[in-house]
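A short write-up of the structure that comes next.
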Protein chains: 2
Amino acid sequence: MTESIHKTTITDLARELQLTPSTVSRALNNHPAISAHTKQLVQALALKRHYQPNRIASSLRLGHTRILGVLIPSAEINFFGSVIHGIENVARQNDYSVLIFQSNEDEHFEQQGVQTFLRSRVSCVLASLAKETTHLRHFTELKRRGVPLVLFDRVSDELDVPSVVVNDYQGALLATLHLVQQGCRRIAHIAGQQHVPIFHTRLQGYYDALQQLGLPQDDTLVVYGQVTIESGYQCMRQLLELPEPPDAVFAVEDFTALGAMEALKDAGISIPGDIAIIGFANEAFGKYITPSLSTVDQQTIRMGEEAARLYFDYAAKGSFYETPAQKVVLDPVLIYRNSSLRLDSG
Amino acid sequence: MTESIHKTTITDLARELQLTPSTVSRALNNHPAISAHTKQLVQALALKRHYQPNRIASSLRLGHTRILGVLIPSAEINFFGSVIHGIENVARQNDYSVLIFQSNEDEHFEQQGVQTFLRSRVSCVLASLAKETTHLRHFTELKRRGVPLVLFDRVSDELDVPSVVVNDYQGALLATLHLVQQGCRRIAHIAGQQHVPIFHTRLQGYYDALQQLGLPQDDTLVVYGQVTIESGYQCMRQLLELPEPPDAVFAVEDFTALGAMEALKDAGISIPGDIAIIGFANEAFGKYITPSLSTVDQQTIRMGEEAARLYFDYAAKGSFYETPAQKVVLDPVLIYRNSSLRLDSG
DNA sequence: CTGTTAGCGCGTTCAA
DNA sequence: TTGAACGCGCTAACAG
């Protein structure tokens, strides 16, 4: 289709310069055994003829594509958009390209994605698992074939491959400590479903922070929600009905925090004066609501950069699967905003 | 690198079945001239040997790659993440893949992106121009070479190629009409920099709506801002100081609207009771602020889908550049939320 | 219905 | 320092 325009090849250049394709190829790739004169000649003509090397032919010959296959649940989710941003920037610096495939949280699509990457002969697959993924065969298949695989964010411990995640535990710890530092003493936690690993981890971080500070652990201060705005609202109402309500709330993520804030506003309770609030994830809206929402940033761009770097580091060292799989754990970053700042110094 | 595992080829399959590679190829591609028996035989063995067709070889032979090259300013911007989402979904349905390149708003990177796509021999380029792009040579080059090019959102009229944009004019018109429909009569507009086409268009839509309704055009009700939260705040203050302040504000986009809302809150003016507000762009935060922000949705996912479809439609019809370039103009969709709803029926 | 032949464009032996 | 020859894996034209 639509292939009327003739594309210049090294053969064309060779013919015009009375050389062989091999020499032209070498000259273009800056091979040491080619005279400076010839190189100049070839490169000048290549420019003049608008020569563009055919990567397909080159890939076929070389056996690899310089393409990173990125498998994500959805590009529409901000988190993954940022990760793509990070990956693509590092890829570009290494003269690699990025192929995108969305699983749309469907295991079947995920398998299809792996297959597409296999067929495209990508140099590496960077993946974040779909929520509903139960079987990991398609990923072990990649490994079996020697295709480098790096996991990020939604990882699996069963798969023994390099990965990068954010330290949820530490994020929860820091968030809780921060509230105490602001003078709060009865810190509540609106938790998520405990079968989801990250939500469970955040609860642990919350508990351990209290323990580290010698604060009592009051189980009435922990309520379990559904990780939605509405659920955050309900959970907050529940906390307000306590005989001794909290003076601060650490919400498992920002939407929950938002719901909690709405409940407080409706009840005429001041934030952070009466009750301080902190969320988790640094969603885009947090900066714009009133009061602005303190939260824990998950370093999404860096996550993408690190994932890509993991591949390049291994590739530089030689083979990918002969080194033990490195697990990069990113430190989350506290974002101090008005919903939790009671003192002047954050 | 890391290529120890042997990959099955059609030749391997052919040898094992005492056939020729051509027959195997045809069987796998479901060629009509192959017996059902042979097809079954081949396909069974392909499965058994975990055969994955080599797309590189196929592309080299066929002369095209079934890859869409997507050039965007940044994957971190929500808008473009959604567009990618739309593009990838349509691409996948057609058994195409999506290659991503970010210009990071830099013309030099943009050129580099086009070059990468040229070398990768993508089947089509879908692009949204970088803000600072002045020269269009790299794009005309694509056209010159017969590589299909579809522009979306940030398009250029100089380039005579298919494109898809959202109807900003109509969005502004609808937004203004909506405010009037809610009983407002003195509608103000916080405008953007008029050298930016979309901002200028929105102003026109605003003017024309007033004219259509026979409302007076009061130039003191139009203030020009910088399209930031702070600027929105200042512009709103300016409007409040008028001898006859407005009873509604159409802001050129959501961040401006947000700033305006903050100014109103600080002044103790009720939204929408005293002054109704509507923004533009349907940014993620609008749903979550109080009151929730009415706005104009730009149909980002559909924009991606339509852009991809534009290519597939042309490709199906034959050659890309022999048909006049179609300009798809998407109808924006009004999102009615609390910042503008004074009546029960939206 | 299947086999034979050839070539897509490139990079890499081996030879000179 | 350059050339000749070959093959990566696949598909399409031509034969039979």
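Worth knowing before you read on, the calculation uses all heavy atoms, side chains too, and leaves out hydrogens, waters and symmetry mates. Just so it is clear, the structure is predicted and the values come from calculations on it, not from any experiment. Every chain is numbered from 1, with letters handed out A, B, ... down the list of sequences.
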Atom pair distance, as rounded to whole Å: CD1 in B:I10 and C1' in C:dT4: 14 Å
side-chain N/O B:T38 vs C:dT2 OP1/OP2, d < 4.0 Å: yes
Let me know the distance between CD of B:Q18 and P of C:dT4, rounded to the nearest Å. 12 Å
Under 4.0 Å: is that the gap between some side-chain N or O of A:S58 and OP1 or OP2 of C:dC10? no
Give me the ring orientation class for A:F320 and A:Y311: parallel if the planes are under 30° apart, tilted from 30 to 60°, perpendicular past 60°. tilted
Integer-rounded Å distance: C:dT2 P and B:L17 CG: 12 Å
Between the side chain of B:T8 and the main-chain N/O of B:R49, is any donor-acceptor distance below 3.5 Å? yes
Give the rounded distance in Å between these two atoms: CD1 of B:I56 and C1' of C:dG7. 18 Å
Given 3.5 Å as the limit, does a donor-acceptor pair link the side chain of A:Q43 with the main chain of A:A27, or not? yes
Report yes or no: does B:K7 contribute a side-chain atom to a donor-acceptor pair with the main-chain N or O of B:P53 at less than 3.5 Å? no
Under 4.0 Å: is that the gap between some side-chain N or O of B:Y51 and OP1 or OP2 of D:dG9? no
How would you list, by chain and number, every residue that makes a side-chain hydrogen bond (donor to acceptor under 3.5 Å, both in side chains) with A:S58, sequence neighbours excluded? none
Could you tell me whether B:T9 contacts a base, only the sugar-phosphate backbone, or nothing, with contacts defined as non-hydrogen atoms closer than 4.0 Å? sugar-phosphate
Interface residues of residues 23-37 of chain B with DNA chain C (non-hydrogen, below 4.0 angstrom): B:T23, B:R26, B:A33, B:I34, B:S35
Just how far, in rounded Å, is P of D:dC8 from NE2 of A:H64? 17 Å
Describe the nucleic acid contact of B:L19 in one word from base, sugar-phosphate, nothing, applying a heavy-atom distance below 4.0 Å. sugar-phosphate
Find the distance B:D12:CG to D:dC10:C1' and express it as a whole number of Å. 13 Å
Between C:dG9 atom P and A:L13 atom CG, what is the distance in whole Å? 12 Å
For A:L62, which contact category applies under a 4.0 Å heavy-atom criterion: base, sugar-phosphate, or nothing? sugar-phosphate
Atom-pair distance (CZ on B:R15; P on C:dG3), nearest Å: 15 Å
Modelled atom types, side-chain donor and acceptor of B:H64 and B:S59, under 3.5 Å: no
From C-beta outward on A:R61, which listed nucleotide comes closest to its side chain: C:dT12, D:dC10, C:dT5? C:dT12
Can you tell me which residue among B:F152, B:F79, B:F101 is in a side chain to side chain contact (heavy atoms under 4.5 Å, CB included) with B:I72? B:F152
